[in-house]
Amino acid sequence: MALLTKGVRGTRDVLPGETHELRHIEHTALEIAEAFGFSEIRTPVFEHTELFERSVGDTTDVVQKEMYTFFDKSGRSITLRPEGTAGAARACLEHGLLNEALPCKVSYIVKNYRYEKPQAGRYREHSQFGVECFGAAVPAADAELIALAAELFANLSLTDYRVEINSIGCPECRKGYLEALRAYFGAKRDELCETCQGRLERNPMRILDCKSPICAEIAANAPSVLDYICGDCAAHFDAVKGFLDALDLPYTVNPRIVRGLDYYTRTVFEFISEVPALQGMALGAGGRYDGLIEELGGQHTPSLGFAMGLERLWLQLQSLKAPLPEPSRCELFIAALNDAALVKAAQLAAAVRSDGWHTQYDVAGRSLKAQMKYADKLNARCTLVLGDDELKNQRAKLKDMATGEETLVTLTDFPDEFEQLMLRRMQTELAELYGDNTGGILAGE
RNA sequence: GUGGAUAUAGCUCAGUUGGUUAGAGUGCCAGGUUGUGGCCCUGGAGGUCGUCGGUUCGAACCCGAUUAUCCACCCCA
């Protein structure tokens, strides 16, 4: 069958059998954030293009070649957001949230759009969980963000990652560092790869990040930012490390971390996967951006935040075989043999559902055998069969699909009876799980 | 943007040196005596062989282009 069209390159459909896993990740993330005092904010998928040009930086790759930018029907230049921070900052600023008690702490789950070449864990539309903390200058704030991420990872049973931190200083101390880098790399200009030769003037810090073996070798002996940051920045960084130590949060200092977005200052950090198959993949990243709010027209407001790619977190969890929830299970399937029985099935289902039980009945008009097969495929816990006899006698058999055991129930009291049966069943299951005969249950699972 | 691999049923894949109506497993649907799932048996639906063009009497197979997917680089989440 020739389809008219397919999903757009770089996009991904999350199908019914798997959405519950993603939902679990999202819920966990927002809940952990809430426990740290971050409240959810929702901002539009598109913004005025200049917001990103100004905040992300118009020399960055993201702005230069990856944004989905278009003109709307009134000729405004609009851009689908490539990252979450700018929109959150704009919204908080615009609505005066930064004039209230600070810090202003927000969390969000958003879709981002970047025109990149799709790859494992990299999409043109990707989901991201992030938090932003506006108006927090002290090093404790930096450490708290990393603590939040660690708490989230722990809650998801996500392991096999490392935290790398660095300080890229403030704009003042960075001037001296950039000069030093230009001097160092300039002397070996001819050995550098082509892209890096171009970076020399524009942004020499990027050379540190180059994966080409030659550049990497040269970069290995390049001056470290940490030797050039000013006293204040150095003190801040030391304090951040002190907090991390005090909180038992392991990290390694990597003086070569360079963020691809211009707004970062001082502390930057990355969460990097150590799962063999995903080695080196960034699960998340963040840092401090003390100048961003001013850049957007607000008061000087030291701020910081981080974001994590949900698809990547999910990949990591799957690679680790970390526990993920099961999809909602059908507790009761009602098979109906004729139209009158179907009406009764609909009524009973409504009653049982109002007690919260996942209930379905046949809506495909199939034979009893087919309905039973379908119930089996749904992995339904119980089935109830309704036909003429049952309607006449007001009694029917409730079948346990796992054991085949049948219980006679009365249709008039059915919802109550069903609930009693299910509750009793849950009790015995719990008792067996936590009782002293656990062995038998586990063997039976 | 650069480099490499791949593209045949919903899914996983066969398809011999180009040769008539393109196959298997699985999944889906229906039956195996009238109202009970899982196992087994039988039957059925489903593919213009990614797309377009070329070579040839003849192309799933050879050639070219294009698109998509996967991987690496770049960049990032």
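Because only heavy atoms are used, hydrogens play no part in the values below, and waters and symmetry mates are left out as well, while side chains stay in. A note on names: the letters A, B, ... follow the listed sequences, proteins ahead of strands, and every chain is numbered from 1.
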> Taking the side chain as C-beta and beyond, is there a heavy-atom pair between A/Arg395 and A/Val409 under 4.5 Å?
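No, their side chains stay 4.5 Å or more apart.
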
> Going by heavy atoms closer than 4.0 Å, what residues in residues 146-157 of chain A are next to RNA chain B?
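When residues 146-157 of chain A is checked for heavy atoms under 4.0 Å from RNA chain B, there are no hits whatsoever.
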
> Only pairs at least two apart or in different chains count here, so list each side-chain hydrogen bond (donor to acceptor under 3.5 Å, both in side chains) that has a residue in residues 280-295 of chain A.
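Output for this query lists A/Arg54-A/Glu295, A/Glu132-A/Tyr289, A/Asp142-A/Arg288, A/His236-A/Arg288, A/Arg288-A/Asp290, A/Glu294-A/His300.
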
> Tell me, which pairs form a ring-ring contact (aromatic ring centres under 6.0 Å, His included) where one or both residues lie in residues 145-164 of chain A, sequence neighbours left out?
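For residues 145-164 of chain A, and leaving out neighbouring residues, the ring-ring contact (aromatic ring centres under 6.0 Å, His included) pairs sorted by first residue read A/Phe153-A/Tyr161, A/Phe153-A/Phe271.
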
> Please list, chain by chain and in numerical order, all residues satisfying side-chain contact (heavy atoms from CB on, under 4.5 Å) with A/Ala364, sequence neighbours excluded.
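A/Ala364 satisfies side-chain contact (heavy atoms from CB on, under 4.5 Å) with A/Asp362, A/Arg366 only.
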
> Could you work out which one of B/G35, B/C29, B/A77 sits closest to the side chain of A/Leu337?
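Among B/G35, B/C29, B/A77, the one nearest the side chain of A/Leu337 is B/G35.
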
> Holding to side-chain contact (heavy atoms from CB on, under 4.5 Å), I want the full list of residues that pass it with A/Asn379, two or more places apart in sequence or in another chain.
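side-chain contact (heavy atoms from CB on, under 4.5 Å) list for A/Asn379, sorted by chain: A/Arg329.
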
> Side chain of A/Ser367 only, please: which of B/U36, B/G31, B/C28 is the nearest?
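The answer is B/G31, which lies nearest to the side chain.
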
> Near RNA chain B, under 4.0 Å by heavy atom, which residues of residues 395-410 of chain A?
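Result for residues 395-410 of chain A: A/Lys399, A/Met401, A/Ala402, A/Gly404, sorted by number.
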
> Of all of residues 383-392 of chain A, which get a heavy atom below 4.0 angstrom from RNA chain B, listed by number?
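Only A/Val385, A/Asp388, A/Asp389, A/Glu390 qualify.
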
> Would you indicate what A/Gly84 reaches in the nucleic acid, counting non-hydrogen atoms under 4.0 angstrom: base, sugar-phosphate, or nothing?
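Result for A/Gly84 = nothing.
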
> List in chain and number order the residues that pass ring pair (Phe, Tyr, Trp, His ring centres under 6.0 Å) with A/Tyr374, two or more places apart in sequence or in another chain; answer none if no residue qualifies.
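If we apply the ring pair (Phe, Tyr, Trp, His ring centres under 6.0 Å) test to A/Tyr374, skipping adjacent residues, the hits are A/Phe333.
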
> Can you list, in residue-number order, the parts of residues 111-132 of chain A that come under 4.0 Å of RNA chain B, counting heavy atoms only?
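Going residue by residue through residues 111-132 of chain A, the ones with a heavy atom under 4.0 Å of RNA chain B turn out to be A/Arg114, A/Glu116, A/Lys117, A/Gln119, A/Ala120, A/Gly121, A/Arg122, A/Tyr123, A/His126, A/Gln128.
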
> With a cut-off of less than 4.0 Å, is there a side-chain N or O of A/Lys377 near OP1 or OP2 of B/C28?
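Yes, A/Lys377 has a side-chain N/O under 4.0 Å of OP1/OP2 on B/C28.
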
> Using the criterion of both pairing distances under 3.5 Å for Watson-Crick and G-U wobble pairs, give all stems of 3 or more consecutive pairs involving RNA chain B.
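B:1-7 with B:67-73, B:10-13 with B:23-26, B:28-32 with B:40-44, B:50-54 with B:62-66 - these are the stems of 3 or more pairs that involve RNA chain B.
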
> What is the distance, to the nearest angstrom, from the CZ atom on A/Arg366 to the C1' atom on B/A30?
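Result: 12 Å.
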
> With a 4.0 Å cut-off on heavy atoms, is A/Leu313 in touch with a base, just the backbone sugar-phosphate, or nothing at all?
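No contact at all - A/Leu313 keeps every heavy atom at 4.0 Å or more from the nucleic acid.
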
> Heavy-atom contacts under 4.0 Å between residues 270-282 of chain A and RNA chain B, which residues?
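Correct list: A/Ala282.
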
> Applying a 4.0 Å non-hydrogen cut-off, can you work out what A/Lys369 is touching in the nucleic acid: base, sugar-phosphate, or nothing?
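It contacts base atoms.
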
> So, is A/Arg9 close to the B/U67 phosphate, meaning a side-chain N or O under 4.0 Å from OP1 or OP2?
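For B/U67, OP1/OP2 do not have a side-chain N/O of A/Arg9 under 4.0 Å.
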
> Provide the full list of salt bridge (Lys or Arg N to Asp or Glu O under 4.0 Å) pairs with a residue in residues 152-168 of chain A, sequence neighbours left out, each pair given once.
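Only A/Arg162-A/Glu164, A/Arg162-A/Glu274 qualify under salt bridge (Lys or Arg N to Asp or Glu O under 4.0 Å).
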
> Quantified in whole Å, what is the P atom distance between nucleotide B/A7 and nucleotide B/A60?
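Looking at atom P only, B/A7 and B/A60 are 15 Å apart.
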
> When the C1' atoms of B/G37 and B/G32 are compared, how many Å lie between them, rounded to an integer?
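16 Å, rounded to whole Å.
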
> Under 4.0 Å, counting only non-hydrogen atoms across every strand here, what does A/Ala375 touch: a base, just sugar-phosphate, or nothing?
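No contact.
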
> Can you tell which of A/Arg353, A/Arg381, A/Arg425 makes a salt bridge (charged side-chain N to carboxylate O under 4.0 Å, His left out) with A/Glu331?
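Only match with A/Glu331 under salt bridge (charged side-chain N to carboxylate O under 4.0 Å, His left out): A/Arg381.
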
